[in-house]
Amino acid sequence: MDKFPLMLEGRPAGELTAEREGLYTWFSARCPLPEGLWCAWVVGDRGELRLGVLEPEGAQGSIRRRFSGRLTAPLGRLLRGEVRPAGAKEPETWEPAPAPDRLFRAPWLRQRLKGVQGAQTRQAGETRYLALPYDRGTPFPLTTLFCFAQVRKIGERSYVVYAFDKQDRPVF
């Protein structure tokens, strides 16, 4: 069983435990709660997973949930738990793309992405997002599309993020 801090409004407030059982992981969270509805989240270095609403038990709140490896793998290495208001926005979930050239049909794009390491991807409706690792000391990834790029952090690392439609065309 692994134990992690459960953060509430940026401060440790309780404990999150993660226990692997075959293809599944059990998560348990417990902490004192302020008034209102609160959700527990698991935060990893590559993504986040909402456990659900904490059940009030006096001044404490708790939850115990089981998730499959398919749902927990995109989290990466677990870092902590968080308690957030129940209406908090669902976070983006990024998945590793070990061969990003295979995500696209356009030959020019496949050629430029061949051999790229450390890419991440996510799908939102009909838009595919591709995040390529970015370091100021190296050439800009997909230089020909720089005007479509957004530089941002995903986890602790900087990426250049591009959006593509279902015909592999860049989207602003």
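Keep in mind the model is a prediction, meaning the values are calculated, not measured.
To the nearest 0.5 Å, atom CZ of residue R84 and atom CH2 of residue W38 are 11.5 Å apart. Atom OG of S28 is separated from atom CD1 of I63 by 9.0 Å, given to the nearest 0.5 angstrom. Note: L113 CG to F104 CZ = 6.0 Å, rounded to the nearest 0.5 Å. Atom OG1 of residue T17 and atom CG of residue L78 lie 11.0 Å apart, to the nearest 0.5 angstrom. Between atom CZ of residue R11 and atom CG of residue L6 there is a gap of 13.0 Å, rounded to the nearest 0.5 Å. Separating the CG atom in L142 from the CZ atom in F148 is a distance of 11.5 Å, to the nearest 0.5 Å.
Across every non-hydrogen atom of A97 and L103, the tightest pair is CB-CD1, 4.0 Å. The two residues P133 and G118 make their nearest non-hydrogen contact at CG-O, 3.4 Å. Residue L16 comes nearest to A29 through the heavy atom pair CD1-CB, 4.1 Å, listed as atom of the first residue, atom of the second, then distance. For the pair E19 and M1, the tightest heavy-atom approach, listed with the atom from each and the gap, is OE1-CE, 3.6 Å. Residue P96 comes nearest to R46 through the heavy atom pair CG-NH1, 2.8 Å, listed as atom of the first residue, atom of the second, then distance. Taking both residues in full, the closest heavy atoms of A106 and D168 are given as N-OD2, 2.9 Å, listed atom of the first, atom of the second, then distance.
Annotation: side chain of R112 is in contact with side chain of T144 (closest heavy-atom distance under 4.5 Å). A heavy-atom distance below 4.5 Å is found between the side chains of F140 and V151. At a threshold of 4.5 Å between non-hydrogen side-chain atoms, the residues L8 and P34 count as touching. Residues V42 and F67 have side chains not in contact (no heavy-atom distance under 4.5 Å, counting atoms from C-beta outward). Residues L79 and D45 meet the side-chain proximity criterion, which asks for heavy atoms closer than 4.5 Å. Using a 4.5 Å cut-off on side-chain heavy atoms (C-beta onward), L109 and Y162 make no contact. A 4.5 Å side-chain heavy-atom check between P141 and V116 finds every atom pair outside the cut-off. Side-chain contact between R122 and T93: absent, with no pair of heavy atoms (C-beta onward) separated by less than 4.5 Å.
For L37, the side chain to side chain contact (heavy atoms under 4.5 Å, CB included) test picks out V53, A86, with sequence neighbours left out.
The closest donor-acceptor contact from the side chain of R105 to the backbone of K166 lies under 3.5 Å.
Other residues, nucleotides and ligands place no more than 12 heavy atoms under 6.0 Å from the CD atom of E126. Within a 6.0 Å sphere centred on CD of E57, heavy atoms belonging to other residues, nucleotides or ligands number more than 12. More than 12 heavy atoms of other residues, nucleotides or ligands shown are found within 6.0 angstrom of CZ on R152.
Note: the hydrophobic cluster containing V83 also contains L75 (ILVMFWY, side chain heavy atoms under 4.5 Å, direct or indirect links). Cluster annotation: L49 is connected to L54 through the hydrophobic network of ILVMFWY side chains, with a link wherever side-chain heavy atoms come within less than 4.5 Å. Hydrophobic clustering of Ile, Leu, Val, Met, Phe, Trp and Tyr side chains at less than 4.5 Å, counting indirect connections, unites L130 with F146.
Other cluster members for V161: W94, Y129, I154, Y159, joined by side-chain heavy-atom distances under 4.5 Å among Ile, Leu, Val, Met, Phe, Trp and Tyr.
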